[in-house]
Amino acid sequence: MSRLQLDGLGKDYGAQSVVADVTLDVAQGEMVVLLGPSGCGKTTTLRMIAGFVDPSAGEIRLDGAPIDGLPAHRRDMGLVFQSYALFPHLTVARNIAFGLEMRRLGRDAMAARVEEMLRLVKLEPFAGRLPRELSGGQQQRVALARALAIRPRVLLLDEPLSNLDASLRSEVARDIRILQREAALTAIMVTHDQDEAMAMADRLVLMREGRVEQIGTQEDLYERPATPFVAGFIGRSNIVAGRLAERGRLLADDAALSLAAEYGAAGAASLALRPERIAISASGEAAQARGTVELATYLGAVVEHVVRLSPELRVLARAAAPAPRFAPGTQVGLHWGTEAERLFDEAGRPIEAAAPVRLTA
Ligand code: ADP
Ligand code: MG
């Protein structure tokens, strides 16, 4: 297993820059997830690491040595893609053996390795089947076994779950994560799905328009988002654009919000507010904002309310069920603590709260 470093990695297609200045240090045994909206450059980054796309800038190092000159098949990387890319006319066992045949492993060693891989992904009884005789989840486990059979220095996964049914996705995600941890595999996974990324990663890289927006653990990105984009993408915060009036008041559209903390700054600011950290009261007493319920939705594990604060401003609040449900039209108050809010200046940089924090009733 290996340490993988990206240093200022970039890719241009003609005049279009699709990846720029990606710097990342993946430790041995670490699972890093590249996350971001469609088209932000995740796959291009992964394909540069794999050796299928030539970088326009920067360097890739494996255990300290640059690998930019190495062709894909000499990088010893295991690849798993969205489409399983199994050979349809080859059995499961032959599919798993494919990379080993390329590497001219001896007959007995190869048979032993295929056995081991079949056991690893719990597909021993299916060795003689063709891919089309397997379910989607089983096919993806074959693809994983084929990638792991060569004992790769790095495992690369590009949206490995997105062709699977929702019900299978979390199961296969857990399988991959357990295998990766037990084998202490250095791995990079690409996904556009925030929940999948949160569930799989040791660390996340959130990308936007070809650039790294923030790198950190789940907690870093959730509790300390570096930009409004991160706050909106991770956990789907409410983003309220407005103006900091007095130290703890945000004027937005026709609404005035009393913030949980005080801030030294003044002027244009946007507030990121976590839906699951907003409480709703009917009395509206000591409320930080007031509004009218537009929609109340019971989702089993949670109850969601859409509350309109002004003609242009709606806020989503989410409470763990069981929780009271307020009918549309009800006037309510919103309440939250300092851990629910994060303020950004006009340039999108965080504004830290100024001590002391006001005590709310
Ligand atoms: P993601 O995987 O995050 O959805 P991609 O890395 O696939 O994004 O693509 C990033 C951007 O690069 C997109 O705008 C895409 O259209 C563009 N792109 C990808 N490959 C090529 C190519 N071979 N030629 C030109 N543009 C490309
Ligand atoms: Mg992609």
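These numbers come from a predicted model, not from an experiment. Counting starts at 1 for both ligands and their atoms, following the listed order.
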Atom-level proximity to ligand 1, residues with heavy atom under 4.0 Å: Tyr13, Gln16, Val18, Pro37, Ser38, Gly39, Cys40, Gly41, Lys42, Thr43, Thr44

Residues in side chain to side chain donor-acceptor pair (under 3.5 Å) contact with Arg308, at least two apart in sequence or another chain: Glu294

Quiz question: by atom type and distance under 3.5 Å, do the side chains of [X] and [Y] form a donor-acceptor pair?
| X | Y | value |
| --- | --- | --- |
| Gln28 | Thr186 | no |
| Ser237 | Arg274 | yes |
| Arg141 | Gln138 | no |

Inter- and intrachain pairs under salt bridge (Lys or Arg N to Asp or Glu O under 4.0 Å), touching residues 315-336, at least two apart: Glu276-Arg318, Glu304-Arg318

Closest approach of Lys42 to Gly36 (non-hydrogen atoms, all atoms of both residues): NZ-O, 2.9 Å

Heavy-atom neighbours of Glu285 CD exceed 12 at 6.0 Å: no

Nearest-0.5 Å distance that lies between atom CD in Glu312 and atom CG in Asp254: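 CG of Asp254 is found 8.5 Å from CD of Glu312.
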
Spacing of CG belonging to Leu164 relative to CD belonging to Glu159, to within rounding of 0.5 Å: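 Leu164 CG to Glu159 CD: 11.5 Å, rounded to 0.5 Å.
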
Within-2.8 Å protein N/O/S contacts of the Mg ion (ligand 2):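 Metal shell, protein only: Thr43 OG1.
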
